[in-house]
Amino acid sequence: MLAKRTCLQILSEGPESINEAPKGFGSPRELQEQVIHLQPGTSAWNLVQEKIQALSDSVERNAFMVADLGVLAEQHQAFLKALPRVTPFFAVKCNNSPSVLQVLVNLGTGFDCSSLVELEQVLRMGVAPSRIIYANTCKQISHIQYAASHGVQLMTFDCEEEIAKVAKFHPTARLVLRLWTQDSECLFPLSAKFGAPLAQCRHLLTVAKDLGVTVVGICFHVGSGCQTPQSFHQAIADARHAFDLGLQTGHPVSLLDIGGGFPGKKDFVLPFEEMAVVINRALDQYFPEGSGVEIIAEPGRFYGTKVCTAAINIIGKKDVMEQGGRRLMYYLNDGFYTSFGAIRREKETRIPHVVKKFDGKPLLYPSTLWGPTCDAFDRLGPTDILLPELHVGDWLVFEDMGAYTHTLSSNFNGFARPQMSFTIPSELQYLLNPVPLIP
Ligand SMILES: *Cc1c(COP(=O)(O)O)cnc(C)c1O
């Protein structure tokens with residue numbers, strides 16, 4: 001019966017049984033967004049087009065996003081295939097939508113959480129604390145206490161002060177030492193803020209030993225949007241060094257965490273599969289099979305990027321004459337403060353699909369895409385995107401909008417993030433089933 005209706009009919013019927021938000025840990029399931037089941041032959045892209053079509057007679061053309069949860073299963077398979085020795089712990093900060101997390105719970109990933117709220121969100125879904133790494137090197141004491149009282153043991157550190165905090169507030173924690181990495185060639189470097197240089201490791205490991213805190217592993221993050229596989233090779237080599245120091249100082253080191261930084265876009269300068277070849281080679285060299293080392297990673301954008309597609313409406317337009325000729329400026333109802341905060345920092349320009357038919361090949365003009373707020377920093381990308389001439393009310397569609405988009409959005413100036421719709425191929429519906437909670 002579902003098959004006869006369009007995606008949109010199902011949507012417009014509204015939520016049938018959105019569950020009550022859980023009051024505490026005893027409640028049966030996490031609040032779910034309503035998820036549309038896609039029948040064979042339909043796709044999330046169809047839904048985007050149907051929604052645009054349905055809104056074309058309306059003045060209420062709010063920006064919206066459509067998520068395809070089936071992509072998560074595809075990315076998971078691709079990850080396991082390319083890095084067969086590595087267990088993924090999804091970085092929750094990349095995309096924390098309940099249905100995204102629910103699918104990942106059922107696919108069997110672990111989770112990388114960075115705060116009390118992220119720990120709570122994942123624990124409430126019934127995830128065993130052993131499937132969580134609290135991967136924030138500098139933690140608020142009350143958050144450490146929360147982890148301690150909820151059985152979350154694995155947590156990262158990179159300095160002496162943190163060891164002292166953990167010794168006092170979570171003495172049975174299993175610590176993972178985060179190494180500094182060279183990451184100048186990535187989109188979002190992390191090395192200014194995180195990581196202990198190799199030269200400090202012996203000292204830190206000795207301090208931990210003296211304070212009675214156990215270090216069980218070594219981790220690093222080569223920076224998000226990493227473009228040089230050599231970064232992974234070097235970091236894995238350094239980790240081997242740190243491992244040996246750990247063993248020498250009497251720690252039962254047996255976990256290697258290679259962090260995140262795997263690209264999510266297909267056309268990224270360094271394809272994931274190429275990066276994986278370098279990683280596997282380094283792992284086999286420094287941590288060969290049979291060495292008894294458990295290897296995990298914390299992928300974020302690799303899983304999330306391709307999940308969401310955003311449709312954005314042109315709400316204003318300016319036609320400007322410059323020395324070089326004509327420039328068109330468009331004002332859109334999504335921008336830096338809602339979905340594009342991280343995307344503006346990417347080096348490559350995101351080119352949107354134009355949802356409009358033209359007779360023949362239209363002329364292209366240098367165009368600037370502005371967000372809706374009263375801040376001139378609120379731009380979606382560079383100032384010179386070549387686009388055909390568009391008008392108020394026209395739509396632009398951006399793909400690859402599932403990583404670091406809505407998790408960064410604010411309500412600045414009274415603008416809200418685009419409304420989300422979730423879809424899943426009907427044969428994968430079971431991935432949304434809640435797991436029984438651990439009492
Ligand atoms: C953000 C973050 C990740 C995820 O990074 P991606 O580049 O999205 O894969 C993993 N680990 C830590 C500690 C992070 O801060």
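Order of appearance sets the numbers: ligands from 1, and atoms from 1 within every ligand.
- Residues passing the side-chain contact (heavy atoms from CB on, under 4.5 Å) test with Arg174 are Gln153, Leu154, Val216, sequence neighbours excluded.
- Put simply, part of Tyr404 is less than 4.0 Å from ligand 1, judged by heavy atoms.
- Distances below 4.0 Å separate heavy atoms of Ala135 from the following atoms of ligand 1: 13 (C).
- The residue Phe302 has no part lying near ligand 1, judged by heavy-atom distances below 4.0 Å.
- On a distance-only criterion, Cys94 and ligand 1 share no N/O pair closer than 3.5 Å.
- Interface of Gly261 with ligand 1, defined as ligand atoms under 4.0 Å from a residue heavy atom, comprises 5 (O), 6 (P), 7 (O), 9 (O).
- At the top of the distance list for atom 10 (C) of ligand 1, counting protein heavy atoms only, stands Glu298 O, 3.1 Å.
- In terms of protein heavy atoms, atom 7 (O) of ligand 1 is closest to Ser224 OG, 2.3 Å.
- No donor-acceptor distance shorter than 3.5 angstrom exists from the side chain of Asp257 to the backbone of Cys219, with no hydrogens or angles considered.
- For Arg301 and Phe262, the positive end is not near the middle of the six-membered ring at less than 6.0 Å and at most 45° from its axis.
- Within the 4.0 Å heavy-atom cutoff, Gly259 does not count among the residues contacting ligand 1.
- Listed by first then second residue, pairs satisfying salt bridge (Lys or Arg N to Asp or Glu O under 4.0 Å) with a partner in residues 215-225 number zero, not counting sequence neighbours.
- When heavy-atom distances to ligand 1 are checked against a 4.0 Å cut-off, Asn136 has no atom that comes that close, whether in backbone or side chain.
- Geometrically, Arg344 engages Phe377 in a cation-pi contact defined by less than 6.0 Å to the ring centre and at most 45° from the axis.
- Between Pro299 and ligand 1, a contact under 3.5 Å exists for no N or O pair.
- Among Lys93, Lys193, His221, Arg178, the residue whose heavy atom lies closest to atom 2 (C) of ligand 1 is Lys93.
- Counting only N and O atoms by type, the side chains of Thr338 and Asp334 include a donor and acceptor under 3.5 Å apart.
- For the pair Lys139 and Tyr134, the distance from NZ or CZ to the six-membered ring centre is under 6.0 Å and the angle to the ring normal is within 45 degrees.
- In this structure, the ring of Phe412 has its center less than 6.0 angstrom from the ring center of Tyr337.
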